[in-house]
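No hydrogens, no waters, no symmetry mates; every other heavy atom, side chains included, goes into these values. Order of the sequence lines sets the chain letters (A, B, ...), proteins ahead of strands, with each chain counted from 1.
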Protein chains: 2
Amino acid sequence: MSPKPVSRSTRRTRRPQHATIRDVARAVGASISTVSAALNGTDYVSAAMRAKIEAAVQQLQYRPNDLARGLRLRRTHTLAIVVPDLSNSFYAEIVRGMKDYTAAANYTVLVGDSRERWAEEKLFLEMLHRRRVDGVVRVPAGDGNASQAAQVLGTIPVVYADRYPEADHPVAAWVGVDNARAAMDATQYLISLGHRRIAIISGPTTTRTAAERLEGYQRALRAIGSMHKEYIRNGELDMAGGARQAIELLTQAKPPTAIFCANNTMTLGALEAIQQLGRACPREISLLGFDDFAWSTLLRPRLTMVRQPAREIGMTAGRMLIDTIEERTRNRATQTLPTQLMVRDSCAPPLRP
Amino acid sequence: MSPKPVSRSTRRTRRPQHATIRDVARAVGASISTVSAALNGTDYVSAAMRAKIEAAVQQLQYRPNDLARGLRLRRTHTLAIVVPDLSNSFYAEIVRGMKDYTAAANYTVLVGDSRERWAEEKLFLEMLHRRRVDGVVRVPAGDGNASQAAQVLGTIPVVYADRYPEADHPVAAWVGVDNARAAMDATQYLISLGHRRIAIISGPTTTRTAAERLEGYQRALRAIGSMHKEYIRNGELDMAGGARQAIELLTQAKPPTAIFCANNTMTLGALEAIQQLGRACPREISLLGFDDFAWSTLLRPRLTMVRQPAREIGMTAGRMLIDTIEERTRNRATQTLPTQLMVRDSCAPPLRP
DNA sequence: ACTCAAGCTCGAATCGTTTTGGCTGCCCGC
DNA sequence: GCGGGCAGCCAAAACGATTCGAGCTTGAGT
């Protein structure tokens with residue numbers, strides 16, 4: 001009835017173990033406490049003893065065991081960040097920014113990729129809990145359920161980056177950009193070039209950022225009274241999705257003269273589609289993207305895009321996290337960083353038919 | 001004389017702590033050992049008790065503390081990988097491959113970026129040692145000193161990926177490609193198109209892979225007796241380096257008709273340079289690169305490149321590492337994976353003057 | 001001469017797990 | 001009526017660090 005107990009006894013291999021603080025203590029004929037005090041500078045230790053300890057540490061190649069340390073201290077000096085897509089350079093850059101900032105404060109960061117799926121994100125968050133990370137920054141997966149995160153993370157501090165947490169939750173710490181504003185500016189730029197038939201390819205509206213960008217686009221078009229339902233598309237955030245929507249848009253009876261893509265991978269997809277259809281960009285069709293990336297100047301045409309300060313978002317998230325962890329501040333502030341429209345070659349006035 | 005001891009006492013904030021196994025035990029009126037046995041299925045526990053424990057675990061949101069676990073078990077179920085440049089999609093893909101493979105075996109992986117500097121890599125490796133990771137895969141930084149790694153890592157198992165460790169060390173586990181062969185094949189392809197004045201932009205010869213690729217290139221050209229010193233360049237591995245070398249090559253009296261770039265970022269740099277100089281690629285100058293990347297089909301011309309199976313390299317490295325950790329095997333084998341020449345649009349026969 | 005503080009060192013408790021060995025019943029076969 | 005195996009449970013010893021309190025010398029101040 002009851003299951004046969006499984007013996008965990010992987011044969012106790014005597015792998016030559018690491019030197020411990022006890023080994024150092026023995027080597028210099030001192031007590032463990034003294035060695036600890038010497039290494040951490042946390043109590044008086046004579047110069048002579050200190051020197052002997054230094055020598056022993058060097059000779060034994062002693063390195064403190066951070067597991068034991070973390071257990072005792074209840075602090076691991078580890079942070080984590082989870083993003084929806086690590087191969088997207090936008091998120092990669094956020095991660096890099098956070099790593100750079102927090103490394104200076106002596107934190108390590110674990111990075112996770114949810115692939116836009118809450119199920120995967122949850123697995124990662126549970127792992128973080130077990131490892132007792134000191135804090136985590138989340139760019140929540142796009143398929144909802146973000147509110148369950150508090151459950152699995154318990155009391156571990158969280159900072160949100162880029163995307164909002166669920167609306168019903170009290171907005172915690174957050175850093176990002178004013179998406180509606182940025183999208184409106186971008187759309188107005190296209191309008192100023194003379195475009196009227198402007199399409200948008202947006203992400204699923206379950207992600208707040210996508211919804212906000214759509215909102216900004218609509219506000220700009222409503223202002224000039226030329227918003228048309230058939231030019232509004234949304235779907236998957238990836239390249240294939242962008243390409244498919246672009247093809248649908250361009251092959252309809254009265255195609256748009258400009259396309260605004262609400263993230264970077266969809267922009268690439270749209271560009272691919274345009275080239276496949278043999279349309280000239282920007283002469284026949286203008287393309288404007290979101291989330292700049294490093295090699296966007298290598299493409300032909302060089303893409304005009306809305307640039308988000310990805311690195312700064314990462315660094316700010318790191319800073320906010322560390323601040324709340326070390327209780328330098330308890331303000332659950334939200335930080336809004338500025339965007340920038342990088343005007344390059346992919347947008348031009350529309351053809352006068 | 002002796003320094004004033006620094007008090008570490010960050011005020012002992014009573015952050016509401018996590019539930020422990022002891023809490024679970026108390027909740028169900030059992031002993032710690034019983035709870036542990038139940039959770040790990042490592043000893044007989046009655047069905048009734050097991051159920052009560054499950055319930056308590058759920059109710060208290062108990063999650064085992066992996067620090068304590070790792071301390072006791074002397075196993076952290078954590079691996080690490082350190083690469084020279086995370087923003088290079090080639091290495092990013094290796095990392096991704098390793099993560100995917102090892103996640104299935106329930107390992108977490110820490111990833112580090114050495115930026116081609118041993119000093120940075122060393123810092124990272126020291127951190128890994130303190131955290132007692134179970135193993136690490138290294139793509140060693142290009143500036144030598146790789147042999148010191150054994151020192152700082154102690155007895156932690158290592159697998160090398162892509163790049164070789166120093167020659168003087170006994171070659172440990174390694175996975176990568178036959179660089180000399182791949183470079184030779186690529187060069188022969190250019191020869192078969194009719195090129196004779198073929199240049200190479202290679203990396204610093206301190207990295208074995210760069211040296212091998214140069215070697216393969218030379219072998220192919222020597223075979224037809226048209227190797228020329230002035231067509232051999234090496235320098236930094238980044239985009240700017242590639243661009244600079246390409247400009248020097250193309251502006252000399254008798255410029256090459258084809259350029260072979262020994263990694264992906266330098267290839268992008270060369271392409272940029274070619275476009276800046278207004279040379280038509282591939283009509284006037286052919287370009288062949290190394291290390292394919294995802295969006296290479298978006299560039300114009302679509303780049304012809306030698307593809308390395310990055311993902312497989314990462315997965316294989318992960319597998320080898322886990323195998324040696326779990327002592328399924330102790331063969332310090334080396335694995336050579338096949339490359340593939342992705343023929344696209346950036347190479348054409350040379351102009352007949 | 002007495003007190004007190006500073007300088008130096010140490011023992012023991014603690015952090016949250018796993019694991020070993022032992023203790024209890026109980027049932028079974030003699 | 002007894003030995004012994006099995007099921008179920010537990011106490012205590014690790015694992016490797018930090019930290020609290022206390023003990024022991026000195027030297028200075030009174």
Side-chain angles (χ1 to χ4, degrees), chain A residues 1-12 15 17-26 28-53 57 60 62-77 129-132, chain B residues 1-10 12 15 17-26 28-53 60 62-77 129-132:
Chain A
M1 184 106 295
S2 52
K4 190 90 153 291
V6 169
S7 169
R8 274 278 197 84
S9 89
T10 55
R11 79 177 131 321
R12 184 137 292 292
R15 212 196 282 285
Q17 49 214 0
H18 310 260
T20 76
I21 199 175
R22 164 173 285 110
D23 296 329
V24 176
R26 248 199 297 269
V28 303
S31 81
I32 291 177
S33 355
T34 302
V35 176
S36 175
L39 293 182
N40 298 317
T42 181
D43 201 351
Y44 294 105
V45 174
S46 71
M49 179 62 87
R50 198 188 307 273
K52 276 204 296 182
I53 290 176
V57 162
L60 294 176
Y62 166 73
R63 311 225 186 255
N65 183 328
D66 272 353
L67 298 172
R69 218 147 176 278
L71 182 57
R72 177 67 232 251
L73 260 17
R74 318 172 85 96
R75 286 282 313 278
T76 53
H77 263 268
H129 191 171
R130 287 197 307 269
R131 293 195 179 234
R132 301 296 191 267
Chain B
M1 184 104 296
S2 52
K4 191 86 152 296
V6 170
S7 170
R8 273 276 199 85
S9 89
T10 56
R12 186 136 290 290
R15 211 195 282 285
Q17 49 214 358
H18 310 260
T20 76
I21 198 175
R22 163 173 286 110
D23 296 329
V24 177
R26 249 198 297 269
V28 302
S31 81
I32 290 177
S33 352
T34 302
V35 176
S36 175
L39 293 182
N40 298 316
T42 182
D43 200 352
Y44 294 106
V45 174
S46 71
M49 179 62 89
R50 200 189 306 273
K52 277 204 295 182
I53 289 175
L60 295 175
Y62 166 73
R63 310 225 187 256
N65 183 327
D66 272 354
L67 297 173
R69 218 149 177 278
L71 182 57
R72 176 66 233 245
L73 258 17
R74 315 173 85 96
R75 287 281 314 276
T76 52
H77 262 268
H129 191 169
R130 286 197 307 268
R131 291 194 182 238
R132 301 298 190 265

A.B. asks: Expressed as a whole number of angstroms, how long is the span from A/Arg130:CZ to C/dG16:P?
C.D. replies: 17 Å

A.B. asks: In this structure, how many angstroms lie between the P atom of C/dG16 and the CG atom of B/Leu39, rounded?
C.D. replies: 16 Å

A.B. asks: Applying side-chain hydrogen bond (donor to acceptor under 3.5 Å, both in side chains), can you list everything that pairs with A/Thr76, at least two apart in sequence or on another chain?
C.D. replies: A/Asp134

A.B. asks: Closer than 4.0 Å, any side-chain N/O of A/Thr42 to the OP1 or OP2 of D/dT18?
C.D. replies: no

A.B. asks: Counting just side-chain N and O atoms, does A/Tyr44 come under 4.0 Å of either OP1 or OP2 of C/dG7?
C.D. replies: yes

A.B. asks: Angle, rounded to 10°, between the helical axes spanning five pairs at each terminus of the helix from C/dA1-D/dT30 to C/dC30-D/dG1?
C.D. replies: 60°

A.B. asks: Sequence neighbours excluded, which residues qualify as side chain to side chain contact (heavy atoms under 4.5 Å, CB included) partners of B/Ile21?
C.D. replies: B/Ile32, B/Val35, B/Ser36, B/Tyr62

A.B. asks: Should B/Ser31 be listed as having a side-chain N or O under 4.0 Å from OP1 or OP2 of D/dC10?
C.D. replies: yes

A.B. asks: Within this structure, what is the CG-to-C1' distance between B/Leu60 and C/dG16, rounded to whole angstrom?
C.D. replies: 15 Å

A.B. asks: Please identify each residue that fulfils side chain to side chain contact (heavy atoms under 4.5 Å, CB included) with B/Asp66, with sequence neighbours left out.
C.D. replies: A/Arg130, A/Arg131, B/Arg69

A.B. asks: Dump every N/O contact between nucleotides 12-16 of chain D and the protein below 3.5 Å, one line per pair.
C.D. replies:
{"unit_1": "D/dA14", "atom_1": "N3", "unit_2": "B/Arg72", "atom_2": "NH1", "d": "3.4"}
{"unit_1": "D/dC15", "atom_1": "O3'", "unit_2": "B/Arg74", "atom_2": "NH1", "d": "3.4"}
{"unit_1": "D/dG16", "atom_1": "OP1", "unit_2": "B/Arg74", "atom_2": "NH2", "d": "3.1"}
{"unit_1": "D/dG16", "atom_1": "N2", "unit_2": "A/Ala68", "atom_2": "O", "d": "3.4"}

A.B. asks: Does A/Ser46 put a side-chain nitrogen or oxygen below 4.0 Å from OP1 or OP2 of C/dT9?
C.D. replies: yes

A.B. asks: Under the salt bridge (Lys or Arg N to Asp or Glu O under 4.0 Å) test, which residues partner A/Arg26, sequence neighbours left out?
C.D. replies: A/Asp23

A.B. asks: With B/Arg132, which residues qualify under salt bridge (Lys or Arg N to Asp or Glu O under 4.0 Å), at least two apart?
C.D. replies: none

A.B. asks: Give me the atom names and distance for the closest heavy-atom approach of A/Met49 to A/Ala30.
C.D. replies: CE-CB, 3.6 Å

A.B. asks: Take atom CG of A/Asp23 and atom C1' of D/dA17, then tell me their distance rounded to the nearest Å.
C.D. replies: 13 Å

A.B. asks: Among all residues two or more places apart in sequence or in another chain, which pass the side-chain hydrogen bond (donor to acceptor under 3.5 Å, both in side chains) test with A/Thr20?
C.D. replies: none

A.B. asks: Scan nucleotides 24-27 of chain D against the protein and return all N/O pairs shorter than 3.5 Å with their distances rounded to 0.1 Å.
C.D. replies:
none

A.B. asks: Indicate, yes or no, whether a donor-acceptor pair under 3.5 Å links the base of C/dC8 to the side chain of A/Asp43.
C.D. replies: no

A.B. asks: Nearest whole Å is fine: how far is C/dT18 P from B/His77 NE2?
C.D. replies: 12 Å

A.B. asks: Identify, with sequence neighbours excluded, every residue that meets side chain to side chain contact (heavy atoms under 4.5 Å, CB included) alongside A/Leu71.
C.D. replies: B/Asn65, B/Ala68, B/Leu71

A.B. asks: To the nearest Å, how far apart are B/Arg50 CZ and D/dA7 C1'?
C.D. replies: 12 Å

A.B. asks: NA contact type, B/Ala37, heavy-atom cut-off 4.0 Å: base, sugar-phosphate, or nothing?
C.D. replies: nothing

A.B. asks: Check whether any side-chain N or O of A/Ser36 sits under 4.0 Å from OP1 or OP2 of D/dT18, and answer yes or no.
C.D. replies: yes

